[in-house]
**Student:** 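Below you will find the structure I want to go over with you.
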Amino acid sequence: MTLFIKNTLSGKREEFVPIDPDNVRVYACGPTVYNYAHIGNARPAVICDLLVSVLRLLYPNVTYVSNITDIDDKIIKASNESGVPILDLTRKFEEIYNKDMSMLGVVGPDIQPRATEHIDEMISLVKRLIENGSAYEADSHVLFHVPSYSSYGMLSKRDISDQVAGSRVEVESYKKDPSDFVLWKPSTKDQPGWDSPWGFGRPGWHLECSVMSEKSLKIPFDLHAGGQDLIFPHHENEIAQSCGSIKSNDPSSFSKYWMHNAMIRMDDEKMSKSIGNILYVHDLIKKFPGEVLRLTLLSAHYRQPLNWTHETIQQSRKTLDRMYRVLKKAESFKVFEVSPPDDFMSALCDDLNTSKAMAVINSLVSSLSKAKGEDAAQFKSLLLSSAGVLGILKKSPDEWLGYSESDAADNEEIQRMIDARDRARNEKDFSLADELRDKLDEMGVEIEDSPEGTKWRKRQ
RNA sequence: GGCGUCGUAGCCAAGUGGUAAGGCAGCGGUCUGCAAAAUCGCCAUCACCAGUUCGAGUCUGGUCGACGCCUCCA
């Protein structure tokens, strides 16, 4: 099956043709670790995770790299404000990030390089750029000279000349061109820094991704992913640096394809500190199962803005509840190894059309619900293998539905009430039975009468 | 001001020229003592206008509206 993706570089939907089919290489910009990851940070991680799992079904080898940016002015600021040493701070949030993402079912990259462990490589990249005339030293800074790279603006589709004119950025006097950007900047004694040919200093933004992608994947690699807000200037500058270092004016000599996910909105508002509507994965995960959050993130196409509301989360929860209920019913059927159905895969291969893929899953769920015997085993297997690609339905139905809640003291009480209700029903004392059901309902216990007896679960 | 994206039912959301997927909610039926669950059925002409075409949600132009980037940002 052929994968098609919308390539930001061309602006078109393109067939994905790997540079080396024996090793597909993907890079995604990882987090700057100075705080908890918010739900917006999780979107690219989940999308990329899905992309990689699709690629793995199509190609024998996939190398997925996503970095940790652990040197940055925001980190310095956070460290100063909290009094926590930089290394402690960055390691702490790196660990939390990885844990939070794994709660969302993210498998994670094969390689997760840290910026601070690639300073030597950064310095040598800067050296190369100076030597070949792409960069220059000025006022203790090293700057990339944008006019030296003629394809600048190709990714973001902007013309720098009219960008700068309307821009509100103050142009530093030492810049040869207003659009030149920093590769290396000086650090004071109390700022983190490294010795370099240009003095004690630290790397500018952008540099780490160029260096770490080249080191771990070699350039050109196949695909670079990230949020839409990174297109400019971050990714544009990465291209300029990396292509500049080999004096190529073809942006695809860095990465052949570029994928960008749209932003998440909070109740139709931009997520921002000033509005105070930032939702951290760390907190969300306490309120909602990871699969609910993951499914919500996958409920809209990755290039569409996703409006994060209580309602959309509840919908995902209901969807999963139904799926697990059907799986519970089909518990006795053996699952065997199957590939996901073609219509499911072709949906995902169509630029990760998760909505369409979910439609296939829904139809498998309803087929399973109605099926008997061998058919049921077949549908169940197809359902679980498809859901596996999306990273959902990984729990046992009992665990999900809460049938096996082991809050012993509570359970005994609930069971006693259910038994009493059953007795009342047998004696046709329906008003007592209903009264008991209402009481249970108030306690957050949902009951279902079935031929096998009365089942109950705690409402989530 | 420049560049880009988007506007599909009450809500979420697919649809890259051939006659509107899927889900949630709602309504009606079956099942149930009643519920719940399950199951069956019903529920849109695609912001607006003008074009291209045998045919347009899908292409072109315009209008209105929403949003993103241009400055740290997934």
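Throughout, a chain's letter reflects where its sequence line sits, starting with A, and its residues are numbered from 1. Worth knowing before you read on, the calculation uses all heavy atoms, side chains too, and leaves out hydrogens, waters and symmetry mates. This is a predicted model, so every value here is computed, not measured.
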**Student:** Checking all strands, does A:Gln304 fall into the base, sugar-phosphate, or nothing category for heavy-atom contacts under 4.0 angstrom?
**Tutor:**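 Here A:Gln304 touches the backbone only, sparing every base.
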**Student:** On RNA chain B, check which nucleotide each of A:Lys329 and A:Pro305 is closest to and give me the residue with the more 5' one.
**Tutor:**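 Of the two residues, A:Pro305 wins.
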**Student:** Is any side-chain N or O of A:Lys370 closer than 4.0 Å to OP1 or OP2 of B:C40?
**Tutor:**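 A:Lys370 to B:C40 OP1/OP2: side-chain N or O found under 4.0 Å.
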**Student:** Now, which nucleotide makes the Watson-Crick or G-U wobble pair with B:C43, with each of the two distances under 3.5 Å?
**Tutor:**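 Base partner found: none.
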**Student:** To the nearest Å, give me how far apart CG (A:Leu368) and P (B:U39) are.
**Tutor:**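 After rounding, the reported distance stands at 10 Å.
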**Student:** Considering only the C1' atoms, how many Å lie between B:U53 and B:U60, rounded to the nearest integer?
**Tutor:**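 The same atom, C1', in both gives a distance of 12 Å.
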**Student:** Base, sugar-phosphate, or nothing for A:His38, non-hydrogen atoms under 4.0 angstrom?
**Tutor:**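 It contacts base atoms.
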**Student:** What pair of heavy atoms forms the shortest contact from A:Ala78 to A:Leu89, and how long is it?
**Tutor:**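 Heavy atoms of A:Ala78 and A:Leu89 come nearest at CB-CD2, 4.0 Å.
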**Student:** Sequence neighbours left out, what passes salt bridge (charged side-chain N to carboxylate O under 4.0 Å, His left out) with A:Asp375? Give chain and number order.
**Tutor:**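 Counting only residues at least two positions away or on another chain, A:Asp375 forms no salt bridge (charged side-chain N to carboxylate O under 4.0 Å, His left out).
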**Student:** What integer number of Å spans the C1' atoms of B:A14 and B:A74?
**Tutor:**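 Straight-line distance between the two C1' atoms is 24 Å.
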**Student:** So, A:Glu236 and A:Ser156: side-chain donor and acceptor under 3.5 Å apart, yes or no?
**Tutor:**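 Note: A:Glu236 and A:Ser156 side chains meet the donor-acceptor criterion.
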**Student:** Between A:His235 and A:His260, is any side-chain donor less than 3.5 angstrom from a side-chain acceptor?
**Tutor:**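 Per modelled atom types, A:His235 and A:His260 side chains form a pair under 3.5 Å.
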**Student:** What protein N or O atoms touch nucleotides 44-47 of chain B N or O atoms at under 3.5 angstrom, if any, and at what distances?
**Tutor:**
none

**Student:** Please determine, by modelled atom types, if A:Asn249 and A:Ser150 share a side-chain donor-acceptor pair under 3.5 angstrom.
**Tutor:**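 On atom types as modelled, these side chains qualify, holding a pair under 3.5 Å.
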**Student:** Which ones in residues 415-440 of chain A lie close to RNA chain B, meaning a heavy atom under 4.0 Å from one of its atoms?
**Tutor:**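 RNA chain B contact set from residues 415-440 of chain A: A:Arg421, A:Arg425, A:Phe430, A:Asp434, A:Arg437.
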**Student:** Identify, with sequence neighbours excluded, every residue that meets salt bridge (charged side-chain N to carboxylate O under 4.0 Å, His left out) alongside A:Asp429.
**Tutor:**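 Salt bridge (charged side-chain N to carboxylate O under 4.0 Å, His left out) check on A:Asp429 returns nothing, list empty.
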**Student:** With a 3.5 Å limit on both atom pairs, tell me what B:A21 is paired to, counting Watson-Crick and G-U wobble, or say none.
**Tutor:**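 Across all strands, not a single nucleotide pairs with B:A21.
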**Student:** Between B:U30 and B:C49, how far apart are the two P atoms, rounded to whole Å?
**Tutor:**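 The answer is 44 Å between these two P atoms.
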**Student:** Checking all strands, does A:Gly40 fall into the base, sugar-phosphate, or nothing category for heavy-atom contacts under 4.0 angstrom?
**Tutor:**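 The residue A:Gly40 makes base contact.
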**Student:** B:G62 and B:A44: how far apart are their P atoms, nearest whole angstrom?
**Tutor:**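 Comparing P positions in B:G62 and B:A44 gives a spacing of 34 Å.
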**Student:** Does B:U32 have a Watson-Crick or wobble partner in any strand here, with both distances under 3.5 angstrom, and which is it?
**Tutor:**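 Pairing partner: none.
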**Student:** Regarding A:Ser156, tell me which of base, sugar-phosphate or nothing describes its non-hydrogen contacts under 4.0 Å with the strands shown.
**Tutor:**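 Contact class for A:Ser156: sugar-phosphate only.
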**Student:** Using the P atom as the point on both nucleotides, what is the distance between B:C34 and B:G23, in whole Å?
**Tutor:**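 Taking atom P in both B:G23 and B:C34, they lie 28 Å apart.
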**Student:** Any protein N or O atoms within reach of nucleotides 23-27 of chain B? Criterion: under 3.5 Å, listing atom names and distances.
**Tutor:**
residue, atom, partner, partner atom, Å
B:G23, N2, A:Gln315, OE1, 3.1
B:G23, N2, A:Gln315, NE2, 2.9

**Student:** My understanding is that only residues two or more places apart in sequence, or in another chain, count here; which of them pass ring pair (Phe, Tyr, Trp, His ring centres under 6.0 Å) with A:Tyr324?
**Tutor:**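 Listed in chain order: A:Trp400.
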**Student:** For RNA chain B, determine which residues of residues 259-267 of chain A have any heavy atom closer than 4.0 angstrom to one of its atoms, and list them numerically.
**Tutor:**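 Within residues 259-267 of chain A, the residues near RNA chain B are A:Asn261, A:Ala262, A:Met263, A:Ile264, A:Arg265.
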**Student:** Establish, with yes or no, whether the OP1 or OP2 oxygen of B:C11 is under 4.0 angstrom from a side-chain nitrogen or oxygen of A:Thr312.
**Tutor:**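 Answer no for this pair, as no side-chain N or O of A:Thr312 is under 4.0 Å from OP1 or OP2.
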**Student:** Provide the distance between the two P atoms, one in B:G61 and one in B:C3, to the nearest whole Å.
**Tutor:**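 The answer is 14 Å between these two P atoms.
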**Student:** Checking only heavy atoms, does the side chain of A:Asp229 share a donor-acceptor pair with the base of B:C70 at less than 3.5 Å?
**Tutor:**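 No pair found.
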**Student:** Hunt down the Watson-Crick or G-U wobble partner of B:G4, both distances under 3.5 Å, from any strand shown, or write none.
**Tutor:**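 B:G4 is paired with B:C67.
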**Student:** Start with the C-alpha gap between A:Asp321 and A:Arg457, add the side-chain angles, then the distance that decides, and say whether salt bridge (charged side-chain N to carboxylate O under 4.0 Å, His left out) holds.
**Tutor:** CA-CA 12 Å; A:Asp321 275 353; A:Arg457 60 180 292 216; 3.7 Å; yes
**Student:** Is it the case that the side chains of A:Glu238 and A:Ser242 hold a donor-acceptor pair, with the cut-off being a distance below 3.5 Å and no angle test?
**Tutor:**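 On atom types as modelled, these side chains do not qualify, holding no pair under 3.5 Å.
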**Student:** Compute both the distance and the angle, then confirm whether A:Arg43 meets the cation-pi test with A:Tyr302: under 6.0 Å from the six-membered ring centre, within 45 degrees of the axis.
**Tutor:**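 No - A:Arg43 does not lie over the ring of A:Tyr302 by the 6.0 Å and 45° rule.
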**Student:** Can you check the A:Leu401 CG to B:A38 P distance for me, whole Å?
**Tutor:**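 That distance rounds to 11 Å.
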**Student:** What's touching nucleotides 18-21 of chain B from the protein side, N or O pairs under 3.5 Å?
**Tutor:**
none

**Student:** Mind checking what makes side-chain contact (heavy atoms from CB on, under 4.5 Å) contact with A:Ala387, not counting sequence neighbours?
**Tutor:**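 Residues passing side-chain contact (heavy atoms from CB on, under 4.5 Å) with A:Ala387: A:Ile361, A:Ile392, A:Leu393.
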**Student:** Just so I know, are the side chains of A:Val84 and A:Ser79 near enough to count as touching, which here means a heavy-atom distance under 4.5 Å?
**Tutor:**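 The answer is no; the side chains never approach within 4.5 Å.
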**Student:** Could you please spell out the steps behind the ring pair (Phe, Tyr, Trp, His ring centres under 6.0 Å) verdict for A:Phe181 and A:His206?
**Tutor:** CA-CA 10 Å; A:Phe181 58 89; A:His206 323 305; 5.5 Å; yes
**Student:** Between atom CG in A:Asn35 and atom C1' in B:A74, what is the gap in whole Å?
**Tutor:**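 Going from A:Asn35 (CG) to B:A74 (C1'), I get 14 Å.
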**Student:** A:Phe288: what forms a ring pair (Phe, Tyr, Trp, His ring centres under 6.0 Å) with it, not counting sequence neighbours?
**Tutor:**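 Per chain and number, A:Phe288 pairs via ring pair (Phe, Tyr, Trp, His ring centres under 6.0 Å) with no residue.
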**Student:** For A:Gln228 and for A:Pro233, locate the closest nucleotide of RNA chain B by heavy-atom distance; then report the residue assigned to the nucleotide nearer the 5' terminus.
**Tutor:**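 Result: A:Pro233.
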**Student:** At 4.0 Å (heavy atoms only), tell me whether A:Ile447 reaches a base, stays on the sugar-phosphate, or touches nothing.
**Tutor:**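 The answer is base, as A:Ile447 lies within the cut-off (heavy atoms under 4.0 Å) of a base atom.
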**Student:** Considering only the P atoms, how many Å lie between B:A36 and B:G29, rounded to the nearest integer?
**Tutor:**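 Comparing P positions in B:A36 and B:G29 gives a spacing of 13 Å.
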**Student:** Rounded to the Å, how far apart are A:Arg158 CZ and B:G68 P?
**Tutor:**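 To the nearest whole Å, that distance equals 14 Å.
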**Student:** With sequence neighbours left out, write down each residue that passes salt bridge (charged side-chain N to carboxylate O under 4.0 Å, His left out) with A:Lys74, or none if nothing qualifies.
**Tutor:**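 Residues passing salt bridge (charged side-chain N to carboxylate O under 4.0 Å, His left out) with A:Lys74: A:Asp72.
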**Student:** Classify the side-chain pair A:Ser102/A:Asp100 by whether it contains a donor and acceptor separated by less than 3.5 Å.
**Tutor:**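 The criterion, which ignores hydrogens and geometry beyond distance, is not satisfied for A:Asp100 and A:Ser102.
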**Student:** Taking atom P in both B:C12 and B:C70, what distance in whole Å separates the two?
**Tutor:**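 These two P atoms come out 27 Å apart once rounded.
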**Student:** For A:His141, enumerate each residue passing the ring pair (Phe, Tyr, Trp, His ring centres under 6.0 Å) test, keeping only those at least two apart in sequence or located in another chain.
**Tutor:**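 A:His141: ring pair (Phe, Tyr, Trp, His ring centres under 6.0 Å) contacts with A:Tyr174.
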**Student:** State which of B:A35, B:C6, B:C69 makes the closest approach to the side chain of A:Phe232.
**Tutor:**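 So the side chain of A:Phe232 is nearest to B:C69.
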**Student:** As a quick check of understanding, evaluate ring pair (Phe, Tyr, Trp, His ring centres under 6.0 Å) for A:Tyr36 and A:Phe93, giving each step before the final call.
**Tutor:** CA-CA 6 Å; A:Tyr36 294 99; A:Phe93 284 114; 5.2 Å; yes
**Student:** What contact category does A:Thr309 fall into here, base, sugar-phosphate, or nothing, at under 4.0 angstrom with non-hydrogen atoms?
**Tutor:**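 Since no nucleic acid heavy atom lies under 4.0 Å of A:Thr309, the category is nothing.
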**Student:** Any strand counts, and the cut-off is 3.5 Å on both contacts for Watson-Crick or G-U wobble. Which nucleotide pairs with B:G51?
**Tutor:**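 B:G51 is paired with B:C59.
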**Student:** Looking only at the side chains, is there a donor atom on one of A:Thr454 and A:Asp422 sitting less than 3.5 Å from an acceptor on the other?
**Tutor:**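 A:Thr454 vs A:Asp422: donor-acceptor pair found between side chains.
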**Student:** Can you find a side chain N or O atom of A:Asn307 that sits less than 4.0 Å from OP1 or OP2 on B:C12?
**Tutor:**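 So the side chain of A:Asn307 is outside the cut-off, no N or O lying under 4.0 Å from OP1 or OP2 of B:C12.
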**Student:** Using Watson-Crick or G-U wobble geometry with both distances under 3.5 Å, which nucleotide pairs with B:A13?
**Tutor:**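 None - no nucleotide pairs with B:A13, as no candidate has both distances under 3.5 Å.
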